[in-house]
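Here the structure comes first, spelled out in structure tokens, and everything after it is commentary.
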Amino acid sequence: MNNHEALMPLVAEIVDIRVDTPDVKTFTVLTPDGKKPFDHMPGQCAMVSAPGVGEAMFSITSSPTDTEKMEFSIKRCGGFTEYLHGVDVGQQITVRGPYGRPFPVDTEFKGKNLLFIAGGIGLAPLRSVINYCRDKKDDYGKIDIVYGSRSKDDLVDYAEILNEWCSDKNVNVHLTIDREQEGWDGHVGFVPNYVSELGFDTNRIGIICGPPIMIKFTLGNLTKLGFEKTQIYTTMELRMKCGIGKCGRCNIGSKYVCKDGPVFRFDELDELPDEY
Amino acid sequence: MYKIKISDLPALFDKLSEKYDVFLPVDFDNGAKYKKYEKGDVLSEKLNTVKSPKDFFFPQTEDMMRFKTEGKKIDVIDIREPKDDFIVFGVTECDVKSFEVLDNVFLSEPADTYYAEKRAHGVLISRACSKPSETCFCKTYGIDPSEPSGDISTWKADGTLYLRPNTDKGEAVISVISGILTEADDDEVNKEKEKINKILDRLPLKNLTTEGFGAGKTAELFDRPEWAGLSQSCLGCGTCTFVCPTCQCYDIRDFKTNDGVIRYRCWDSCMYSEFTKMSAGQPRLTQKERFRQRFMHKLVYYPENNGGLYSCVGCGRCLQSCPISMNIVKVMKALGGKNE
Amino acid sequence: MQKISRFDIINRLKDLLADGNVDRVLGWKKGEFRYDVTPHVFTSAQELEADFVWGDFCGANFSKYLIKETAKSDKKVAVLLKPCDTYSFNQLLTEHRFDREKVYAVGVACDGMADIFKIKKITGDGISDIKENGEDLDVYTIYDEKPVKIKKTDVLSERCLSCKSKKHAAYDELLGGDGDVLDSNRFDEVAKIEAMTEEERYAFWQGELSRCIRCNACRDVCPACTCEKCVFDNPNSGMENKSPANEFEEKLFHIIRAFHVAGRCTDCGECSRVCPQRIPLHLLNRKFIKDINAFYGEYQAGEVVGSRAPLVDFDKEDVEPKNAVGKEDK
Amino acid sequence: MQVNEYKPLIVAFCCNWCSYAGADLAGNNRLNYPADVKIIRVPCSCRVNPAFVLRAYQRGADGVLICGCHPGDCHYTTGNYYTRRRMALLFSMLSYLGIEKERTRVEWISAAEGAKFAATMNEFVKTVTDLGKNRRLEDLRCKK
């Protein structure tokens with residue numbers, strides 16, 4: 001990051017828009033001269049903005065190993081995202097970052113089996129880690145991915161999951177949807193229950209992201225399987241304005257999500273007040 | 001140590017304003033206010049200005065950049081202009097210390113260049129508090145109002161103003177006015193300090209302590225039942241945060257002009273209901289959580305991140321301004337001390 | 001000196017609690033100094049005895065708190081109301097903002113409230129105690145053994161200087177008796193500004209409003225400002241704003257704030273009381289009241305529950321806007 | 001002389017049923033009125049919130065006109081009666097704050113009064129031109 005201009009954004013151009021689900025689109029972003037705006041680590045975020053419309057924090061969904069471009073998977077749920085969903089390829093936006101503490105991919109994750117558990121748009125922040133670990137598969141053990149959504153149509157990155165992840169030898173993908181649906185012969189049921197059914201051993205690190213209620217029950221079920229809180233990670237989201245721990249709104253206790261997070265280990269979260 | 005007769009202060013301000021923009025507290029009908037010096041302005045005797053001098057370094061509204069948009073293209077325009085040196089005169093020690101609190105936030109990596117630029121060009125001339133108010137409690141935080149710091153310290157005693165430069169910036173200012181200053185010894189200043197310390201012993205809030213607060217107290221304080229009662233009549237206005245010298249939360253907003261977009265930042269307040277509101281939800285649902293956040297931040301979270309330093313300096317502005325007279329002193333008395 | 005003593009009020013409130021008529025009391029709680037009184041919900045006789053105050057600094061108007069308080073429980077809450085507060089009380093009832101059945105209104109006679117800012121202008125900082133002494137206030141400071149004697153009438157708060165009524169517009173019972181509606185001089189200041197030239201008026205308001213720090217205290221304390229979401233907080237309103245970015249924003253906020261309560265403002269004076277910058281906001285509200293009286297006939301918001309506010313009413317013979325300006329003094 | 005000739009920007013809120021039709025009629029009859037008048041069509045003059053007037057000034061208007069049906073002729077029966085009260089109070093307040101009272105105005109123009117519409121606009125533009133630029137309710141950020 002350019003430290004001198006922490007709040008000054010870069011201009012970037014949307015060069016590709018992929019429609020993932022009825023309310024999620026993935027935007028590919030490059031600088032006007034065709035480069036990746038900046039380097040990042042898996043789990044880090046960036047402030048994306050359209051002048052006069054809004055500015056908000058999004059996780060960077062592309063992997064750091066992709067040196068060509070940067071991607072954001074964005075769900076339509078407010079004024080600014082509504083705008084983004086309405087733009088065409090070629091539209092310029094601004095980005096600044098990267099912000100936050102990444103997943104400890106080069107330290108604590110190294111050499112371990114990984115279990116990714118995601119619900120809905122919660123896959124977006126994990127996709128960057130998953131692809132990072134897939135690309136450096138020698139550094140990691142077995143990768144399991146449990147991913148669930150309301151319906152088949154709500155699965156983000158479905159094509160990539162089927163075409164790339166599923167064909168990877170050391171990756172095991174377990175998909176589930178909430179309710180029966182025509183044309184779906186996979187598992188049906190909620191993610192937390194599915195995790196219990198699959199019954200993972202504890203020789204792995206868990207990484208959870210999804211709606212708060214899903215996180216809560218999944219965490220409970222993992223604990224029942226014998227997981228310690230010290231081996232489960234998640235990534236958080238709170239309202240942010242500056243991204244650098246100064247504007248004062250994304251704190252949980254003394255921690256700032258934009259600076260000390262967004263990635264937290266559950267034992268760390270336990271020490272924070274319950275205000276998120 | 002230098003000195004100058006109080007009656008000669010206009011000459012001093014005239015001289016300084018030749019080279020610097022000089023701001024000093026001046027009395028108005030509605031209280032003292034910092035004002036750019038113009039001939040004839042008289043330094044206010046009142047110690048607390050309604051708004052604190054943080055305005056000069058972290059203004060309530062500050063334009064950051066402009067955007068020009070044309071079709072799908074965006075152009076980011078840096079609109080900052082180089083800042084000239086300026087002097088803030090007559091800053092009380094609590095307000096001087098408030099900059100330490102703000103520095104820890106704004107100058108820590110990555111530094112906030114908007115603030116840093118102003119800090120680099122601002123000269124703080126402090127003054128000893130010869131007549132503290134009943135609402136003063138800087139002693140609680142170990143701040144000594146008889147020994148002001150800043151780039152230059154000043155004391156008023158017996159119709160004379162004593163000045164002591166503390167930094168290179170201060171020396172530079174002194175060299176501008178050295179022609180009208182005379183050298184002095186410390187005697188009068190020491191006597192004045194003694195006098196001030198005697199007054200401090202008579203202040204009604206002199207026994208207020210930070211006991212029970214500080215780093216590591218989150219778990220103990222967060223769920224205390226007293227918060228409900230303390231916050232029950234809070235209006236959720238932002239008065240306390242806006243008059244506070246250490247409150248530093250801000251919002252970044254865009255303003256659509258007829259010719260592009262201005263991105264500016266403005267003070268925000270944790271007391272406001274939309275402060276943490278996002279499309280996905282609201283972590284601080286009621287005024288109780290918002291109220292608690294403000295005081296927990298000042299008394300626990302901030303010290304946790306900044307080596308035990310509290311982000312309150314005891315200036316007493318919130319005691320004077322709160323519409324319902326609820327304030328940090330009442331919170332500290334209700335929650336602090338020994339817990340049975 | 002207030003007509004009724006703290007002691008008498010507490011005794012009556014204790015009875016009310018003991019009878020089980022009410023389970024809590026909205027009253028004033030003492031602070032660190034004499035003057036920093038906080039609105040508080042008292043739930044027991046002990047609490048009342050320890051912390052309840054009544055005196056020259058109990059300015060806070062509790063009417064607005066009733067919206068929140070009555071929603072909390074089915075039990076009745078007792079509320080202390082000064083005569084001017086009762087108008088806000090009625091106005092909120094007119095607007096159906098709370099359930100009258102859940103409130104036991106105790107009217108207290110009021111002899112006017114003192115303004116600590118005015119006191120400090122005389123005594124300076126360092127006030128250690130203020131004692132009521134007949135018609136005087138004895139103000140002790142840490143700088144002098146002897147008190148400064150101040151006539152209370154010299155330090156009355158702005159709204160009390162032109163008190164409109166000592167008569168309670170609503171109550172279930174009265175403590176300290178009732179007074180009369182007064183022949184107030186409250187429009188004098190407005191008339192003075194109207195008499196200025198356009199340039200003078202502009203300069204006057206420019207000076208006053210430029211001090212605004214947009215803390216929203218005037219809005220948040222106002223018993224007539226009870227929107228769930230204020231336009232100034234609503235991103236979808238197109239005029240959401242948090243800062244007095246420039247002169248325009250200052251005027252926009254204060255014109256709209258005053259306009260939105262026009263015809264509903266009872267002139268309780270809370271806005272000016274709480275302004276940390278001491279902007280005479282009541283002069284904006286009073287201008288609307290004065291105009292309404294002049295154009296559409298005398299109207300006092302909150303005098304009668306259910307009265308029709310002038311801005312949701314009309315007359316076929318109403319004055320034309322172009323003829324209205326400058327015709328306020330009929 | 002011609003270099004800096006000042007042309008005021010006028011915003012006219014016109015009620016859909018009368019004044020806007022009046023404007024139409026003025027156009028059909030080739031009655032001239034200055035192009036600096038920007039018409040904003042509103043369902044009823046009563047739709048005009050005082051904030052709209054202020055926002056027009058913020059965005060660079062030098063004069064604001066609110067046009068509605070004649071009192072008694074409102075399409076919604078009584079809308080313009082409320083407009084009348086509301087604007088009387090607003091204009092009085094603006095004047096109280098020292099803002100030129102001639103800048104803001106309410107006019108009743110029916111669908112049949114094309115000539116009146118054009119005449120009103122001409123006269124109002126002249127009044128505002130004489131007053132000069134709006135300085136007292138301007139937002140500098142919106143200028144240039």
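Proteins come first, then strands; the chains are lettered A, B, ... in the order of their sequence lines, and each starts at number 1.
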Original post:
Tell me, side chain or backbone of C:Glu317 under 4.5 Å from chain D's heavy atoms, or both, or neither?
Top reply: backbone
Original post:
Does CZ belonging to D:Arg59 count more than 12 external heavy atoms closer than 6.0 Å?
Top reply: yes
Original post:
Hey, does D:Arg141 have a side-chain heavy atom less than 4.5 Å from the side chain of C:Glu249?
Top reply: yes
Original post:
Which region of D:Glu107, side chain (C-beta onward) or backbone (N, CA, C, O), has a non-hydrogen atom less than 4.5 Å from a non-hydrogen atom of chain C, or is it both or neither?
Top reply: side chain
Subject >> Pairwise side-chain contact, D:Arg85 with C:Phe295, heavy-atom cut-off 4.5 Å (strictly under) >> reply: no
**OP:** Count the heavy atoms of every other residue, nucleotide or ligand shown that sit under 6.0 Å from NZ of C:Lys68, and state whether that count exceeds 12.
**Re:** yes
**OP:** Would you mind reporting whether D:Ser95 and C:Arg201 have side-chain heavy atoms less than 4.5 Å apart?
**Re:** yes
Subject >> Portion of D:Leu94 that has a non-hydrogen atom of chain C nearer than 4.5 angstrom >> reply: side chain
Subject >> Under 3.5 Å donor-acceptor, D:Lys101 side chain and C:Glu198 backbone >> reply: no
Subject >> Contact class of C:Val190 relative to chain D, heavy atoms under 4.5 angstrom >> reply: both
Subject >> Beyond-backbone contact of C:Glu247 with D:Leu140, side-chain heavy atoms, under 4.5 angstrom >> reply: no
Subject >> From C:Ile289 atom CD1 to D:Leu89 atom CG, the distance as rounded to the nearest 0.5 Å >> reply: 11.5 Å
Original post:
In Å and rounded to the nearest 0.5 Å, what is the NE2 to CG distance from C:His254 to D:Leu97?
Top reply: 10.5 Å
Original post:
D:Asn49, D:Leu137, D:Ile99: which one forms the most heavy-atom pairs within less than 4.5 Å of chain C?
Top reply: D:Leu137
Original post:
Angle class for the C:Phe314/D:Tyr82 ring planes (parallel below 30°, perpendicular above 60°, tilted otherwise)?
Top reply: perpendicular
Subject >> Gap separating the CZ atom of D:Arg86 from the CG atom of C:Leu311, nearest 0.5 angstrom >> reply: 7.5 Å
Original post:
Does a sphere of radius 6.0 Å around NZ in D:Lys126 hold more than 12 heavy atoms from other residues, nucleotides or ligands, not counting ones at 6.0 Å or beyond?
Top reply: no
Subject >> Minimal non-hydrogen separation, C:Val325 against D:Ser92, with atom names >> reply: CG2-N, 3.8 Å
**OP:** Quick one: closest heavy-atom pair of D:Tyr96 and C:Ile193, and the distance?
**Re:** OH-CD1, 3.5 Å
Original post:
Which one of D:Met93, D:Arg105, D:Met87 has the most heavy-atom pairs closer than 4.5 Å to chain C?
Top reply: D:Met93
Original post:
For residues 230-240 of chain C, which residue pairs qualify under salt bridge (Lys or Arg N to Asp or Glu O under 4.0 Å), counting only residues two or more places apart or in two chains?
Top reply: B:Arg253-C:Glu240, C:Arg219-C:Asp233
Subject >> Part of D:Pro50 within contact of chain C (heavy atom distance under 4.5 Å) >> reply: both
Subject >> Side-chain heavy-atom pair D:Gln58, C:Lys251 within 4.5 angstrom cut-off >> reply: no
Subject >> From D:Asp139 atom CG to C:Leu252 atom CG, the distance as rounded to the nearest 0.5 Å >> reply: 9.5 Å
Original post:
If you count the non-hydrogen atoms of other residues, nucleotides and ligands that lie under 6.0 Å from NZ in C:Lys118, is the total more than 12?
Top reply: yes
Original post:
At what distance, to the nearest 0.5 angstrom, does OH of D:Tyr57 lie from CZ of C:Phe248?
Top reply: 10.5 Å
Subject >> Contact list for residues 295-305 of chain C, test side-chain hydrogen bond (donor to acceptor under 3.5 Å, both in side chains), sequence neighbours left out >> reply: C:Arg186-C:Gln300, C:Tyr299-C:Ser307
Original post:
Just wondering, are more than 12 heavy atoms of other shown residues or ligands nearer than 6.0 Å to NZ in C:Lys192?
Top reply: no
**OP:** Output the option from C:Glu200, C:Met239, C:Glu320 having the highest count of non-hydrogen pairs under 4.5 Å with chain D.
**Re:** C:Glu320
Original post:
Can any side-chain N or O of D:Arg84 pair as donor or acceptor with the backbone N or O of C:Asp315 at less than 3.5 Å?
Top reply: yes
**OP:** Hey, could you give me the CG/OH distance between C:Asp318 and D:Tyr81, rounded to the nearest 0.5 Å?
**Re:** 9.0 Å
